[in-house]
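If you're wondering where the values come from, they're calculated on a predicted model, not measured in any experiment. Each chain gets a letter, A, B and so on, in the order its sequence line appears, and its residues count up from 1.
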Amino acid sequence: MTSAGGPSDKRPPESSSAEKNDTLKYQLLGPSLTKAGQDKVDQQKVSEIIYNASKGSKFFNHEQDRDRNLTVKIERIRKEKARLRETRPDRDLSQYVIHVDCDAFFAAVEELDRPELKTVPMAVGKGVLTTCNYVARQFGVRSGMASFVAKKLCPQLVLVSQNYEKYSAKAQEIREILAQYDPLFESASVDEAYLNITAYCSANNMDPEETVQKMRAQILERTKISVSAGIAPNAKIAKISSNINKPNGQFRVPNERKAVMEFMKDLPVRKVNGVGRVFERELDSIGIKTCGDVYPQRALLSKLFGEKAFQFLAQCYLGLGRTKIEPVETHERKSVSTESTFHEIGDKEELRDKLRWAAQEMEKDLLRTQFKGRTLTLKVKLHTFEVLTRQTAPPRAVSSAKDLYDFAVPMLAKLEKDIPGMKLRLLGLRCSNLVSTKKISVNFFGPASAHQRPRTVEPPPHQDHEIGAEEAFEAAARQEVQDEMNDLEQLSQETGLPGQGAEDIADDRTFNDHVDFCLSRQTIREVVQDTSETALSNLMASNPPNPPNLIRKRKNPSQPVSSEPDPRQKRLFFQ
DNA sequence: GACTCGTTG
DNA sequence: CCTACAACGAGTC
């Protein structure tokens, strides 16, 4: 075989190969093309001579056969490449995806009941604000803010305690309207949803903007809740867009490649769903502030943050995102947890009381959500704010408060033993590896099936018979590989990103001659953070901390069953 | 696979 | 008085 030193940049173009026997001549040159001392030689002439000299020999015929086979194989590869592009175009500009987001939802619902609150700064939440109205925002008050801080910013701030049931009921009214525009819409949280309105638009011969205008007006009229919306070719951009003309507004990024690229170019990476405080700073440290900044640094990214992050950022730069919107009911819950914060406690008996209480809360939650857990996790936060978790797999799935407590206590005891004088400010329990206690579901692929992967599997379009689980899994696996390939291809084709050759990396080392390409995440941390390691170092002497994990993106989001949504829950969407 | 830690929203 | 939940990537063993 000629695999050693195989076809390189000297390879003849496949297109003109047939009539001129170029590939065969190339093959006949043998494996030594890249050997030193050949640079000056005219390979064209050499191959011509070899060709004519060996013509008709057995060797020649054999090589000819091999060349024919390879040519056929390459043709198949090209066809497959074309097919992949056709079947799943990465930049799908054919869909109108919208993201609908209620404006200051909880606060807005409260204002419906108590209109006098409309004109005063008001927030919903006790210790921490869940939402605040736009009057309060004038003072710098934000959701997620501790209420004592908010009070300092705005002493007149009116605090209203939250009533989830009320908000859920209101959200249901809104969802009924959404369903008219896309019956398969996707709830992202109580007050957020994704819709694909492509079908609606064409059926009613309306453009997406007037459709969304109409929808928003309808929601406001019927429910008295104002919503904002983003209209875009995919969910990622729609989500970002819904924030642009908030409140009570909408924004559209047209379904054109140029418009999308331009929109992403100056967009701060932080605006993208999935980029938080930490990742933002890490990216900033290598000069990436906007999605457009990703491109010049592209060769560095997978080295610094891993392949996943590279893929993710490439998609940010390109403005790619999913267009598939599906009801949230198809997702499955992965864990149930409860935790609570309190003043520092060091007393062992008192800690056991807290644990007992957590176990009781957990029991209620498990009953409500109809699950048992095969894995039990104890979470604690030390007085230093250091967080630790300890996990066990009880001999059977657990759900009763007694079981939860009994299996959790040894973990707590071990922590107390390992950390002399341990003082906690938080204690929590989590059950994962869930086993459903719901009645047997009729639908095999439905959420109730315990060992079933929650991920929904899309059967190949030509397949109209029922597919079995094995096949479904395989299809899912194939899909994943295909997605990956498409990503890469998209990247190199549409942006002119030239493969992953070593030259690219060298070319791109603009700012970072001094940067070691093997930079670990820890090193990045050291560069961008000024943290001195907090307590626990004494513990670590005997029990060293794990090295930093090169975390990055998650893949398939999922959401708790929508019948019992936790309003605080938000979803993550990547890809 | 089990366990742990960390990030994100 | 900087919360509570859930998901998940990734490293280690």
Distance in angstrom units between A:N243 CG and B:dG9 C1', rounded: 13 Å
Length of the line joining A:D418:CG and B:dT4:C1', which is rounded to integer Å: 14 Å
Within 6.0 Å of NZ in A:K151, more than 12 heavy atoms from elsewhere: yes
Please tabulate, one pair per line, all N/O donor-acceptor pairs under 3.5 Å involving side-chain atoms of residues 99-108 of chain A, not counting sequence neighbours.
unit_1: A:H99; atom_1: ND1; unit_2: A:S242; atom_2: OG; d: 2.8
unit_1: A:H99; atom_1: NE2; unit_2: A:E192; atom_2: OE1; d: 2.9
unit_1: A:D103; atom_1: OD1; unit_2: A:S228; atom_2: OG; d: 2.8
unit_1: A:D103; atom_1: OD1; unit_2: A:K246; atom_2: NZ; d: 2.7
unit_1: A:D103; atom_1: OD2; unit_2: A:S226; atom_2: OG; d: 2.5
unit_1: A:D103; atom_1: OD2; unit_2: A:N248; atom_2: N; d: 2.7

Nearest-neighbour nucleotide for the A:S340 side chain, C:dC1, C:dA6, C:dA4 considered: C:dA4
Sugar-phosphate only, base, or nothing, as touched by A:T338 at under 4.0 Å among non-hydrogen atoms: sugar-phosphate
Gap between atoms NE2 and P, on A:H99 and B:dG9 respectively (whole Å): 13 Å
From C:dC2, C:dA10, B:dC3, nucleotide with atom closest to A:T375 side chain: B:dC3
Nearest-neighbour nucleotide for the A:R390 side chain, B:dT8, C:dT3, B:dC5 considered: B:dC5
Touch class at under 4.0 angstrom, heavy-atom based, for A:K381 against every strand present: sugar-phosphate
Geometric cation-pi criterion, A:K236 with A:F312: 6.0 Å, 45°: yes
Any A:S335 side-chain nitrogen or oxygen under 4.0 Å from OP1 or OP2 of C:dA6: no
A:C431 side chain reached by A:L366 side chain, heavy atoms, under 4.5 Å: yes
Out of C:dA4, C:dC8, B:dG9, whichever nucleotide has its closest atom nearest the side chain of A:K334: C:dC8
Nearest listed nucleotide, side chain of A:Q391, among C:dA10, B:dC5, B:dC3: B:dC3
Sugar-phosphate, base or nothing in reach of A:R277, heavy atoms under 4.0 Å: sugar-phosphate
Between C1' of C:dG11 and CD of A:E307, the distance in whole Å: 18 Å
Between B:dT7 (C1') and A:L313 (CG): distance, integer Å: 14 Å
A:V278, nearest nucleotide to its side chain (from C:dC2, B:dT7, C:dT3): B:dT7
Spacing between A:K271 atom NZ and B:dG9 atom C1', to the nearest angstrom: 15 Å
Nearest-nucleotide pick for A:E339, side chain only, options being B:dG9, B:dC5, C:dA4: C:dA4
Selected nucleotide, minimal atom distance to A:R425 side chain, candidates C:dC1, C:dA6, B:dG9: C:dC1
Length of the NE2-P vector between A:H383 and C:dC2, whole Å: 15 Å
Atom NZ of A:K152 with >12 non-hydrogen neighbours under 6.0 angstrom: no
Listed nucleotide nearest any side-chain atom of A:R333, set C:dC2, C:dA7, B:dT8: C:dA7
Could you tabulate the donor-acceptor pairs under 3.5 Å formed by side-chain atoms of residues 133-145 of chain A, not counting sequence neighbours?
unit_1: A:N133; atom_1: OD1; unit_2: A:M122; atom_2: N; d: 3.1
unit_1: A:N133; atom_1: OD1; unit_2: A:V135; atom_2: N; d: 3.4
unit_1: A:N133; atom_1: OD1; unit_2: A:A136; atom_2: N; d: 2.9
unit_1: A:N133; atom_1: ND2; unit_2: A:E111; atom_2: OE2; d: 3.1
unit_1: A:N133; atom_1: ND2; unit_2: A:L117; atom_2: O; d: 3.4
unit_1: A:N133; atom_1: ND2; unit_2: A:V120; atom_2: O; d: 2.8
unit_1: A:R137; atom_1: NE; unit_2: A:C132; atom_2: O; d: 3.3
unit_1: A:R137; atom_1: NH2; unit_2: A:C132; atom_2: O; d: 3.1

Closest listed nucleotide, where the reference is the side chain of A:N433 and the choices are B:dA2, C:dC1, C:dA4: B:dA2
Atom-to-atom span, CE of A:M145 to P of C:dC1 - whole angstrom: 17 Å
Comparing A:A146 and A:S337 on DNA chain C - which has the more 5′ nearest nucleotide: A:A146
Touch class at under 4.0 angstrom, heavy-atom based, for A:V336 against every strand present: sugar-phosphate
